[in-house]
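The chains referred to below are lettered A, B, ... by the order of the sequence lines, with proteins before strands, and numbering in each begins at 1.
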Amino acid sequence: MTTPARYEPRMVEPKWQAAWEAAGLFAARRDPSRPKYYVLEMFPYPSGRIHMGHVRNYTMGDVIARHRRALGYSVLHPMGWDAFGLPAENAAMERGGHPKDWTYDNIADMRAQLKPLGFSIDWSREFATCDPEYYGQQQALFLDFLEKGLVYRKSAVVNWDPVEMTVLANEQVVDGRGWRSGVPVERRELPQWAFRISDYAEELLAALDRLDRWPEKVRTMQANWIGKSRGLQLGFSTVDAPDGFERIEVYTTRPDTLRGASFIAISPDHPLARHLERHDPAVAGFVAECRRLGTSEAAIETAEKRGIDTGLRARHPFDQGWELPVWIANFILMEYGTGAIFGCPAHDQRDLDFARRYGLPVIPTFEALEAPEPVGDVAFVPAKSDRVRWLRGFGWPEVATGDTAIEAAIDFCESRGVGRGVTKYRLRDWGISRQRYWGCPIPVVHCPDCGVVPVPRAALPVLLPDDVAFDVPGNPLERHPTWKHVACPRCAGPARRETDTMDTFVDSSWYFARFTSPRAPAPTDADEVGYWMNVDQYIGGVEHAILHLLYSRFFARAMHICGHLPATAVEPFDALFTQGMVTHEIYLTRDARGLPVYHLPEEVEAAEGGVRLKATGAAVEVIPSAKMSKSKKNVVDPADIVARFGADTARWFMLSDSPPERDVEWTAAGAEAAHRHLARLWRLAAEAAAADDPGDAAEDAALARALHRTIRDVTQGIEGFGFNKAVAALYAFANVLQRTGAGAGARRGAIAMLARLMAPMTPHLAEELWEMAGGEGLCAAGTWPVADPVLLAEETVTLPIQINGKRRGEITLARDLAPEAVEAAVLADAAVQRALAGAAPKKLIVVPGRIVNVVV
RNA sequence: GCCCGAGUGGCGGAACGGUAGACGCAGGGGACUCAAAAUCCUCCGCCGCAAGGCGUGUCGGUUCGAAUCCGACCUCGGGCACCA
């Protein structure tokens, strides 16, 4: 025997990785004779270091990929890089250098950290979205979308930093101020390119029902995001308003409260507000202040509700003598509905807060059936399905539900010519223009004579220029001396390139399709997408539940319209799994001013009476686990873990303990325990390999039964995304294996099967076990074990006995005893006899094979 | 503010509406050792000597039976359209 005397992952892991590579096991091959399986984890942003979240994400995908391969599928499991985006430009500004170098260096670093983890990835398909080969095809897609009318120009608001003269991302706006300049941001309108996703709102909503292998919560979030609503759109005629503003169009989902209206409120971005702004300094001041909130909906909605009375009045549609004041309010969004509402303070908390602040009337339109109370500081907002008594209805029964009243109100208004019933969606068109360098150039030219002219396809890709500088603010493409100056493709006259680049969500909206033919001279290859699509299992963080996944669903439809995807692929992800984060405790001490100073986990140690700094012995505060983040220093570098324990330990620990959809806490003790367990298995295998004891038949049979239960449980665990349960079953089997009196041959047979069961999770160790147990060839090329039903059958069953729902004893009976016989046996039980004290039971519930409950 | 989740021993968690705490960590006790490491055995929800009682974020409800279903609330997390 030449095997080393103990488990040495540093030596064996590279060996097996080389063996897999030499055997070409992970190259995805289009093989129509076999079923295919496409497993995809959301591709990483190349920040430069992989983190434990990546390890968890890609380990889960690898378990699925290796399991499916063992089941005989032709598996596609690719990897790439979501490589455009802000951080590269921020790095260039802060540290100098070029976004391109920063990005490709990071990719090289991360690839080097990822490969030692032993993932069964087809690396030949790797690409980065910043490769001209990729973004050039994306530009071709853009031109296709343009031809089909799926892209258009519109005006949209952005965060404008008046000092940096730059558009800021929402992330770069902190408390309404630019993160670098510190000055209040402004909302500013710019012409932008947008995709017509809102045309597909109904389709994207309806199709959610068919995504039955997506988490319910994700479908709910998407449905709410699309936000289909039924309501009334009506015009309020104005009194003495400026020309062109004779009517204010209002959208409401509660037309039943129309007779409780107390004011009209319009958005600060409403055309009327913009008009008044030019003539009224007070309005101008208020509107300017609103624009300092930036564009983030969260910021707008959490800001204090404020408004200004325009002095204009609007007539109530049911009573021309009833005039409502017109206010501009900071919480009305121009993007939703018509950008104007009527306020009914009695039945909307936000309207009520506003009315109380500004002394506006509160007019209830309905009240509770029982114990009605006047509205104080809490609006009366029952569920629409609740029945209420109407005080100011118009034509429906006095007692009715909100739902009934809404439909009746729409009918009534339509019959009187006051507005019309409409269906609206909250979903807005997808603005993709970014005033930044490090993104995919939008392939159009602006010609003073011809207007917007697409770049000819032969001229694609429109390459980003390399000679750019980031030492001055603004878009480097805009400032570049020559790049934007081109001849118009149509008239050959002087024209200007579009200097906006695309939102990086565009890049990630079709990468899954590109993986099927990453070097094709078109966005996709019909044979390849036909074979590989759809993604059978998609895995990623729940933070992408709405935007990325919704955009991808739209993109798949648009690509289908342009002939790049088959009709069967308009829903590109058959199954979705959203995994939890990796968390860690946070360690901190305080500086002289009491501000926190964070410390890396390796800088602290547990000591008497708490945690201390290794260097100084200072006491350390421990904060409960939170998502690993560099700023809090609660990070563990996967490369360190691999160097210390090996990849299999990192993989095993990431799968154990926590269910995959929940957060998992990284602990040093847990990682060490995982490593100890793997070393124990290695030892058991080495012992079995060297032994030749005959054992005995009963022990051999007991081991076989335990093995087959394990096969069943691990298979169920993997197929049901219960990796932690599969791990628990494998721990339990290791305990059996350790204590068994079975013979060496039986033990080797069991270890060979154990190797196959562990191969998806700890593939390197599995090869070791497989080899020591005398297995032929590579374990990674093997087939998945099948549990023998005969060995799973149990002969007896132990039933707990409850008396009045409390457990009071148990009884062991033959497995398939008739219910009457079970009842008789239960009634004869001593504990039951005692509880009954001679009386007959009121009720006897027998759940076969489960439990018995005696009600006395 | 709005939408979506999650809360079970000291800790991570397990449990088709049917024995709450599988499996692991930490901890206690023991074996081996000159000693230590490693390894192995064993105990381990809380209160109680015991009988027994109490326990799944809080408060109610449905049920023979609730961690699980329903309602209200609390806390923590994710998303809110230019972070990815």
Side-chain angles (χ1 to χ4, degrees), chain A residues 6 42 44-45 47 82 84-87 90 156 158-159 167-173 215-218 220-225 227 294-303 305 331 335 349-350 353 426-436 503-505 507-508 541-548 550-551 578 580-581 583 624-627 653 656-659 661-665 667 669-670 672-674 676-677 679-680 683 722 724-725 727-732 734-735 738-739 798-802 804-810 842-845 847 849-855:
Chain A
R6 61 197 177 95
M42 290 178 185
Y45 180 80
S47 60
D82 189 12
F84 276 136
L86 267 183
N90 289 334
V158 296
N159 297 306
V167 176
L168 298 179
N170 283 335
E171 178 189 56
Q172 299 173 318
V173 178
E216 187 65 41
K217 62 176 173 183
V218 174
T220 306
M221 280 189 269
Q222 292 217 351
N224 290 338
W225 185 262
T295 61
S296 146
E297 188 180 316
I300 292 166
E301 296 247 9
T302 50
K305 310 287 173 283
F331 56 90
E335 288 83 11
Q349 189 60 45
R350 201 166 53 177
D353 294 344
R426 204 184 73 101
L427 181 66
R428 310 199 292 258
D429 276 336
W430 172 14
I432 61 154
S433 290
R434 298 291 181 269
Q435 296 70 43
R436 304 190 205 294
D503 178 11
T504 56
F505 273 122
D507 312 339
S508 55
V542 73
E543 66 272 23
H544 295 294
I546 296 174
L547 293 178
H548 162 61
L550 192 63
Y551 290 154
T578 56
M581 299 179 301
T583 65
S625 264
K627 180 179 181 172
F653 183 62
S656 56
D657 290 356
S658 284
E661 68 276 15
R662 290 252 285 266
D663 293 350
V664 63
E665 179 174 15
T667 62
E672 280 157 24
R676 277 203 303 273
H677 175 71
R680 172 169 72 140
R683 255 188 339 268
N724 57 324
K725 289 183 244 176
V727 166
L730 288 163
Y731 265 114
N735 290 338
Q738 175 134 10
R739 293 169 178 77
T798 299
L799 294 179
I801 298 176
Q802 289 184 335
N804 292 336
K806 299 249 182 226
R807 185 177 184 278
R808 284 294 181 269
E810 61 181 35
K842 266 195 200 148
K843 204 168 179 180
L844 185 60
I845 294 146
V847 183
R850 275 289 176 188
I851 203 166
V852 180
N853 191 9
V854 186
V855 185

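If you check every strand for non-hydrogen atoms under 4.0 Å, A:Pro215 touches nothing. If you check every strand for non-hydrogen atoms under 4.0 Å, A:Val158 touches a base. Within the nucleic acid shown, A:Phe331 has no heavy atom closer than 4.0 Å to any nucleic acid atom. When heavy atoms are screened at a 4.0 angstrom cut-off, A:Ser433 is found touching base atoms of the nucleic acid. No engagement by A:His548 is indicated, since no non-hydrogen atom pair under 4.0 Å with the nucleic acid exists. Looking at heavy-atom distances under 4.0 Å, A:Val167 makes contact with a base. Nucleic acid contact for A:Arg808: sugar-phosphate only, since backbone atoms but no base atoms lie under 4.0 Å from a heavy atom of the residue. Contacts of A:Trp225 with the nucleic acid, taken as non-hydrogen atoms under 4.0 Å apart, include base atoms.
Between the side chain of A:Gln222 and the main chain of A:Ala545, a donor-acceptor pair closer than 3.5 Å is present. Although no hydrogens or angles enter the test, the distance criterion places a donor-acceptor pair under 3.5 Å between the side chain of A:Arg426 and the main chain of A:Trp225. Here the side chain of A:Thr667 pairs a donor or acceptor atom with the backbone of A:Gly670 at under 3.5 angstrom.
Between the CG atom of A:Leu550 and the P atom of B:C80 there is a distance of 13 Å, given to the nearest Å. Separating the CD atom of A:Gln172 from the C1' atom of B:C83 is a distance of 9 Å, rounded to the nearest angstrom. To the nearest angstrom, C1' of B:A81 lies 9 Å from CG of A:Leu427. Rounded to a whole Å, the CD1 atom of A:Ile546 is 16 Å from the P atom of B:C2. Distance, A:Glu301 CD to B:G1 C1': 5 Å, rounded to whole Å. Distance A:His544 NE2 to B:C80 C1': 15 Å, rounded to the nearest Å. One interatomic measurement links the two molecules: CD of A:Glu543 to C1' of B:C80, which rounds to 14 Å at whole-angstrom precision. Taking atom CZ on A:Arg807 and atom P on B:C54, their separation rounds to 16 Å, with Å as the unit.
Using the Watson-Crick or G-U wobble rule with both distances under 3.5 Å, B:G18 pairs with B:C64. Under the Watson-Crick and G-U wobble criteria, each requiring two contacts below 3.5 Å, nucleotide B:G7 is paired to B:C74. B:C80 is paired with B:G1 under the criterion used here, namely a Watson-Crick or G-U wobble arrangement in which both key atom distances are under 3.5 Å. Across all strands shown, B:A31 forms a Watson-Crick or G-U wobble pair, both distances under 3.5 Å, with B:U39. Remark: B:C49 base-pairs with no nucleotide; criterion is Watson-Crick or G-U wobble with both hydrogen-bond distances under 3.5 Å. Look at B:G12: its Watson-Crick or wobble partner, with both distances under 3.5 angstrom, is B:C23.
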Next on the checklist: As a quick check of understanding, evaluate side-chain contact (heavy atoms from CB on, under 4.5 Å) for A:Trp430 and A:Asp503, giving each step before the final call.
Outcome noted: CA-CA 9 Å; A:Trp430 172 14; A:Asp503 178 11; 3.0 Å; yes
Measure all distances between protein nitrogen or oxygen atoms and nitrogen or oxygen atoms of nucleotides 21-30 of chain B, and list the pairs falling under 3.5 Å.
{"unit_1": "B:G24", "atom_1": "OP1", "unit_2": "A:Asn735", "atom_2": "ND2", "d": "3.0"}

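Closest approach to the A:Leu86 side chain among B:C4, B:C16, B:C83 is made by B:C83 (side chain taken as heavy atoms from C-beta onward). Checking B:A81, B:C83, B:A84 against every side-chain atom of A:Tyr551, the shortest atom distance belongs to B:A81. Closest to the A:Lys806 side chain, of the nucleotides B:C54, B:A81, B:G7, is B:C54. Distance from the side chain of A:Arg683 is smallest to B:C40 among B:G13, B:C80, B:C40. Listed nucleotides: B:C3, B:C40, B:C80. Nearest to the side chain of A:Asn224: B:C3. The side chain of A:Thr504 lies closest to B:A84 when the candidates are B:A84, B:C41, B:C80. Side-chain atoms of A:Val847 lie closest to B:C16 of the nucleotides B:C80, B:C83, B:C16. The listed nucleotides are B:G1, B:U19, B:G78; the one nearest the side chain of A:Glu810 is B:U19.
To the nearest whole angstrom, the two C1' atoms, one in B:C47 and one in B:G9, are 14 Å apart. One P atom belongs to B:C46, the other to B:C11, and the distance between them is 11 Å to the nearest Å. For B:C44 and B:G1, the C1' atoms lie 47 Å apart once the distance is rounded to whole Å. Here the separation of B:C43 from B:A26, taken at their C1' atoms, is 14 Å to the nearest Å. For the C1' atoms, the distance from B:A36 to B:A20 is 41 Å, rounded to whole Å. Nucleotides B:G12 and B:G27 place their C1' atoms 16 Å apart, quoted to the nearest Å. Only the P atoms considered, B:C16 is 31 Å distant from B:G79, to the nearest whole Å. Taking atom C1' in both B:A22 and B:A67, the straight-line distance is 15 Å, to the nearest Å.
Between A:Glu216 and A:Ser656, the residue whose closest nucleotide on RNA chain B is further toward the 5' end is A:Glu216.
With rounding to the nearest 0.5 Å, the separation of CZ in A:Arg680 from CD in A:Gln738 is 4.5 Å. We find the CG-OH distance between A:Leu86 and A:Tyr45 to be 8.0 Å, quoted to the nearest 0.5 Å. Rounding to the nearest 0.5 Å gives a distance of 4.5 Å between NE2 of A:His548 and CE of A:Met42. One distance of note links CD of A:Glu297 with CG of A:Asn170; it measures 10.5 Å at 0.5 Å rounding. Rounded to the nearest 0.5 Å, atoms CZ (A:Phe331) and OG1 (A:Thr302) are 13.5 Å apart. Summarising the geometry, atom CG belonging to A:Asn853 is positioned 5.0 Å from atom CD1 belonging to A:Ile845; distances are rounded to the nearest 0.5 Å.
Residue A:Arg739 places at least one side-chain N or O under 4.0 Å from the OP1 or OP2 atom of B:U42. Under 4.0 angstrom from either OP1 or OP2 of B:G13 there lies at least one side-chain N or O belonging to A:Arg662. Side-chain nitrogen and oxygen atoms of A:Thr220 include none within less than 4.0 Å of the OP1 or OP2 phosphate oxygen of B:C4.
Using cut-offs of 30° and 60° on the angle between ring planes, the pair A:His677 and A:Tyr731 is tilted.
Between A:Lys217 and A:Thr578 there is a side-chain heavy-atom pair separated by less than 4.5 Å.
Counting only N and O atoms by type, the side chains of A:Asp663 and A:Ser658 include no donor and acceptor under 3.5 Å apart.
Look at B:G9: its glycosidic torsion is within 90° of 0, and that puts it in the syn range.
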Checklist outcome for this item: The contact string for nucleotides 64-77 of chain B, one letter per nucleotide 5' to 3', using protein heavy atoms under 4.0 Å with B, S and - for base, sugar-phosphate only and none, comes out as BS------------
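Counting all heavy atoms, side chain and backbone alike, A:Asp82 lies closest to A:Thr504 at OD1-O, 4.3 Å.
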